[in-house]
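Input: a single structure, listed below in structure tokens.
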Amino acid sequence: MISRCDENSGTFEGVSNVILGVGIDAVEISRVQKSCEKEHFQNRVFTAAEIGQFDKRKVRAASDFAGKEAVVKVLGTGFSGCGPRDIEILRDEKGAPFVKLYGGAKKLAADQGIMSIRISITNTSELAMAFAVGSDEPGGEGFF
């Protein structure tokens, strides 16, 4: 899509989606799985919905953890101003991951004009990796 900047308002015409942040992370699956053996860690980092989804697939805990780390990189803050449970990584009916934000994470995103975060997650036998993109595009899954 071709866009041009209006000289008077400084806004772009024809722009439907502006990337406002990107984040990537990789974690060792075995380290996250070992940490999840401690109920305190699991309850401090993951929401009940996340725990319910990875009860069936233990590797999902590592994938979700990498996703949370990628999202805080999109926000540019690390976990300063929000906690791990403020970021929820869920899967739709086809298994595609999506992000929901709450509390501090939702406020940080709003303050930066981020209206959606798209996420992609992949695993090897040893690593879980996530890539996230924050944009000003509203509507649908991954939007808040």
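All values below come from the heavy atoms of this structure, side chains included, with hydrogens, waters and symmetry mates left out.
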Practice problem: Would you indicate whether the side-chain heavy atoms of Lys106 and Ile114 approach each other to under 4.5 Å? | Solution: no
Exercise. Output all residues satisfying side-chain contact (heavy atoms from CB on, under 4.5 Å) with Arg31, sequence neighbours left out; order by chain, then residue number.
Key: Glu28
Using atom types as modelled, flag every donor-acceptor pair under 3.5 Å from a side chain in residues 119-131 to any protein atom, sequence neighbours excluded.
unit_1: Asn123; atom_1: OD1; unit_2: Ser63; atom_2: OG; d: 3.0
unit_1: Asn123; atom_1: ND2; unit_2: Ser63; atom_2: OG; d: 3.2
unit_1: Thr124; atom_1: OG1; unit_2: Glu126; atom_2: N; d: 3.1
unit_1: Thr124; atom_1: OG1; unit_2: Leu127; atom_2: N; d: 2.9

Quiz item: What's the spacing between Ser135 OG and Met115 CE if we round to 0.5 Å?
Solution: 9.0 Å
Quiz item: Tell me, which pairs form a salt bridge (Lys or Arg N to Asp or Glu O under 4.0 Å) where one or both residues lie in residues 32-48, sequence neighbours left out?
Solution: none
Quiz item: Rounded to the nearest 0.5 Å, what separation is found between the OG atom of Ser116 and the CD atom of Glu137?
Solution: 5.5 Å
Quiz item: Run the side chain to side chain contact (heavy atoms under 4.5 Å, CB included) check on Arg60 and Gln53 step by step: do they pass?
Solution: CA-CA 8 Å; Arg60 189 158 287 168; Gln53 284 193 348; 4.2 Å; yes
Show every donor-acceptor pair shorter than 3.5 Å between a side-chain atom in residues 71-82 and any protein atom, with sequence neighbours excluded, or say none if there are none.
unit_1: Lys73; atom_1: NZ; unit_2: Ile24; atom_2: O; d: 3.0
unit_1: Lys73; atom_1: NZ; unit_2: Asp25; atom_2: OD1; d: 2.8

Self-check item: Evaluation steps, side chain to side chain contact (heavy atoms under 4.5 Å, CB included), between Arg91 and Phe54
Solution: CA-CA 10 Å; Arg91 307 302 187 285; Phe54 67 65; over 6 Å; no
Exercise. Kindly work out whether a path of hydrophobic side-chain contacts (I/L/V/M/F/W/Y, heavy atoms less than 4.5 Å apart) joins Tyr102 to Ile117.
Key: no
Self-check item: Closest non-hydrogen atom pair, Ala66 against Val27
Solution: CB-CG2, 4.0 Å
Quiz prompt | Min side-chain heavy-atom separation Ile51-Asn43 under 4.5 Å | solution = yes
Quiz item: How far apart are the closest heavy atoms of Leu20 and Gly113, and which atoms are they?
Solution: CD1-O, 3.3 Å
Quiz item: How is the hydrophobic cluster of Ile29 composed, in terms of its other members, when Ile, Leu, Val, Met, Phe, Trp and Tyr link through side-chain heavy atoms under 4.5 Å apart, directly or indirectly?
Solution: Val59
Quiz prompt | With sequence neighbours excluded, residues passing ring-ring contact (aromatic ring centres under 6.0 Å, His included) with Phe65 | solution = none
Self-check item: Set of residues satisfying side-chain contact (heavy atoms from CB on, under 4.5 Å) with respect to Ala49, sequence neighbours excluded
Solution: Thr47, Glu88, Leu90
Quiz item: Are the side chain of Asp136 and the backbone N or O of Val18 linked by a donor-acceptor pair below 3.5 Å?
Solution: yes
Quiz item: Val99 and Val133: same hydrophobic cluster, using ILVMFWY side-chain contacts below 4.5 Å?
Solution: no
Exercise. For residues 75-86, pull every pair meeting salt bridge (Lys or Arg N to Asp or Glu O under 4.0 Å), keeping only residues two or more places apart or in separate chains.
Key: none
Self-check item: Side-chain touch Lys68/Phe46, heavy atoms, less than 4.5 angstrom
Solution: yes
